[in-house]
Amino acid sequence: MNSAYKKEIRYTLIFSALLLICGHFGLLFVALPGLQNKMVFGFPSQYIIPIIFGWVVLMVVVALQAKLTNDLDDEIEALGDSSESSK
C-alpha cells in the first residue's frame, strides 16, 4: 500500500480521536466531580474549559486537519499524475 494512503488512514484516526476529545471535554467534569467549582478566568471551570476546548481548541484542530489533508491530497494527486505519465 502506498505511504500516502497510510498517512491518510493515520490522519483520519488521529483527528477523529482529537475531535471526539475536544467535543466531549465537558464529560470530564461529570466523571471527575472534584474538578467542579473552581474558577478559571473568573468563570466556573465546568463551564469555561469545555467552551474553550469546544470552540478555540477545536478550531485549531480543524485548521491543522485541513492543512494536513490538503497537502496529502496534493501528494496523492501527484502520485496519480506520475503513474499516468509513466504508462
Side-chain angles (χ1 to χ4, degrees):
M1 183 182 254
N2 192 331
S3 66
Y5 292 106
K6 287 181 184 179
K7 276 189 207 176
E8 185 175 19
I9 292 169
R10 188 175 6 168
Y11 286 170
T12 300
L13 293 175
I14 290 170
F15 283 110
S16 295
L18 285 174
L19 293 171
L20 280 172
I21 289 169
C22 287
H24 294 88
F25 207 79
L27 294 176
L28 180 68
F29 294 95
V30 174
L32 304 169
L35 296 175
Q36 295 180 6
N37 301 323
K38 298 194 178 19
M39 301 299 277
V40 177
F41 303 123
F43 297 101
S45 63
Q46 68 265 24
Y47 299 122
I48 194 66
I49 292 176
I51 287 172
I52 289 172
F53 271 85
W55 290 354
V56 179
V57 175
L58 190 63
M59 187 172 33
V60 171
V61 169
V62 169
L64 180 64
Q65 179 186 17
K67 169 75 172 109
L68 290 174
T69 53
N70 282 338
D71 292 345
L72 187 61
D73 285 342
D74 293 342
E75 183 180 337
I76 290 172
E77 187 175 319
L79 285 172
D81 291 342
S82 68
S83 67
E84 286 178 6
S85 64
S86 65
K87 287 182 180 180

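Keep in mind that what you see is a predicted model, and the values were worked out from it rather than measured. Positions are given from 1 along the sequence.
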Between atom [atom1] of [X] and atom [atom2] of [Y], what is the distance when rounded to the nearest 0.5 Å?
X     : Y     : atom1 : atom2 : value
Leu58 : Phe53 : CG    : CZ    : 11.0 Å
Gln65 : Leu18 : CD    : CG    : 9.0 Å
Phe29 : Asn37 : CZ    : CG    : 10.5 Å
Leu68 : Lys7  : CG    : NZ    : 9.5 Å
Lys38 : Ile49 : NZ    : CD1   : 10.0 Å
Phe15 : Arg10 : CZ    : CZ    : 11.5 Å

Taking a hydrophobic cluster as the set of Ile, Leu, Val, Met, Phe, Trp and Tyr residues connected by side-chain heavy atoms closer than 4.5 Å, whether directly or through intermediates, do [X] and [Y] fall within one such cluster?
X     : Y     : result
Phe43 : Tyr47 : no
Leu20 : Ile52 : no
Met59 : Leu19 : no
Leu27 : Phe25 : no
Val30 : Ile51 : no

Do the non-hydrogen side-chain atoms of [X] and [Y] ever get within less than 4.5 Å of each other?
X     : Y     : answer
Val60 : Trp55 : no
Glu75 : Leu72 : yes
Gln46 : Leu35 : no

Legend entry - Gly26 versus Pro50, closest heavy-atom pair with distance: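 Heavy-atom minimum between the residues: CA-CG, 3.7 Å.
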